[in-house]
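Okay, so here's the structure we're looking at.
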Amino acid sequence: VYRPSQLRGCLRKQYYRAGGVPKQTPAIGLKQRLTFDRGHLFGAMVAAYVRLCEDFPELGITDVVPVGPGGGELVAYDPYNDIGGKVDVNFKYFGAPMHVEVKNVLDPDSFGALKSPRVYHKAQLNDYMYSSVNDPKVEEVKAGIVFYIGCNYENVMAKCSKCKRGKKAV
């Protein structure tokens with residue numbers, strides 16, 4: 001299964017992966033593991049805050065899919081293209097299904113320069129929106145949010161942008 005976050009990376013790596021060529025190096029080093037763990041932690045944190053919004057009907061947020069311990073992320077999978085992954089947060093906003101993709105930015109200068117979602121992050125979110133979701137309770141998703149958290153161990157900042165599903169993936 002291809003993950004949307006892997007589709008726009010190194011073509012040689014994609015080719016080897018598709019052909020089943022075994023890896024010659026350890027799967028994930030410590031630094032990469034810390035990055036992934038931080039991403040899972042921030043995704044669970046954002047989901048927890050979105051879930052709290054369900055207590056305020058005027059915000060229009062309902063049906064939050066729990067993530068983290070005891071919940072897990074919602075799996076989106078497109079069997080035709082063999083693309084799938086885990087949606088960080090899924091909920092309904094005034095009845096319309098929404099996906100949220102949480103991204104961590106370590107460099108404060110890069111975070112400060114963000115004016116809109118990065119193209120490859122919008123593309124990843126778009127892939128999730130196009131994927132059929134393996135949950136009969138989830139309807140077609142036509143919009144989503146890329147939520148950035150800037151964390152360099154001294155400061156924590158956040159930005160988000162709403163994205164509409166395009167006619168074709170970016």
Side-chain angles (χ1 to χ4, degrees), residues 1-8 35-108 110-151 155-170:
V1 174
Y2 289 98
R3 304 271 186 240
S5 59
Q6 297 170 331
L7 290 177
R8 287 152 192 92
T35 299
F36 289 156
D37 289 346
R38 187 175 46 246
H40 292 303
L41 174 68
F42 286 150
M45 182 183 74
V46 170
Y49 282 116
V50 172
R51 193 156 199 186
L52 288 174
C53 293
E54 287 184 299
D55 293 338
F56 302 92
E58 66 273 16
L59 297 178
I61 294 175
T62 59
D63 302 321
V64 178
V65 174
V67 299
E73 297 167 313
L74 185 70
V75 175
Y77 180 65
D78 174 1
Y80 180 76
N81 293 304
D82 198 25
I83 297 172
K86 295 181 177 181
V87 177
D88 291 328
V89 186
N90 185 70
F91 62 94
K92 287 188 178 178
Y93 180 65
F94 291 103
M98 299 277 287
H99 286 332
V100 178
E101 181 60 31
V102 179
K103 294 296 180 189
N104 180 31
V105 180
L106 288 173
D107 178 33
S110 294
F111 183 84
L114 282 171
K115 302 296 181 218
S116 62
R118 293 179 176 154
V119 171
Y120 44 92
H121 293 154
K122 281 174 51 177
Q124 180 180 356
L125 181 62
N126 223 335
D127 290 335
Y128 288 140
M129 288 190 281
Y130 268 104
S131 295
S132 60
V133 179
N134 293 332
D135 185 336
K137 297 177 292 194
V138 179
E139 302 164 35
E140 181 181 24
V141 178
K142 295 184 179 178
I145 296 169
V146 178
F147 189 95
Y148 289 99
I149 296 178
C151 176
N155 298 303
V156 176
M157 306 153 282
K159 289 184 181 183
C160 68
S161 298
K162 184 176 178 184
C163 302
K164 291 185 179 178
R165 190 178 78 182
K167 291 189 177 180
K168 55 184 178 178
V170 176

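For CZ of F94, the number of neighbouring non-hydrogen atoms (other residues, nucleotides, ligands) closer than 6.0 Å is greater than 12.
Across every non-hydrogen atom of H99 and V87, the tightest pair is ND1-CG1, 3.4 Å. Heavy-atom minimum distance, P117 versus K122: CB-CG, 3.4 Å. Listed here is the closest heavy atom pair of Q124 and K103: OE1-NZ, 2.8 Å. The two residues Y148 and R118 come nearest to each other via the heavy atoms OH-N, 2.9 Å. Residues V102 and I149 come closest through the heavy atom pair CG1-CD1, 4.2 Å.
Note that NZ of K92 and CD1 of I61 are 13.5 Å apart. Values are rounded to the nearest 0.5 Å. Here M98 contributes atom CE and F91 contributes atom CZ; the two are 5.0 Å apart, rounded to the nearest 0.5 Å. In this structure, OH in Y120 is found 14.5 Å from CG in L125, a value given to the nearest 0.5 Å.
Side-chain atoms of E54 come within 3.5 Å of backbone atoms of D63 as a donor-acceptor pair (strictly under, hydrogens ignored).
Residues V105 and L114 form a side-chain contact, since some pair of their non-hydrogen atoms from C-beta on lies under 4.5 Å apart.
For F56, the side chain to side chain contact (heavy atoms under 4.5 Å, CB included) partners two or more places apart in sequence, or in a different chain, are E58, L59.
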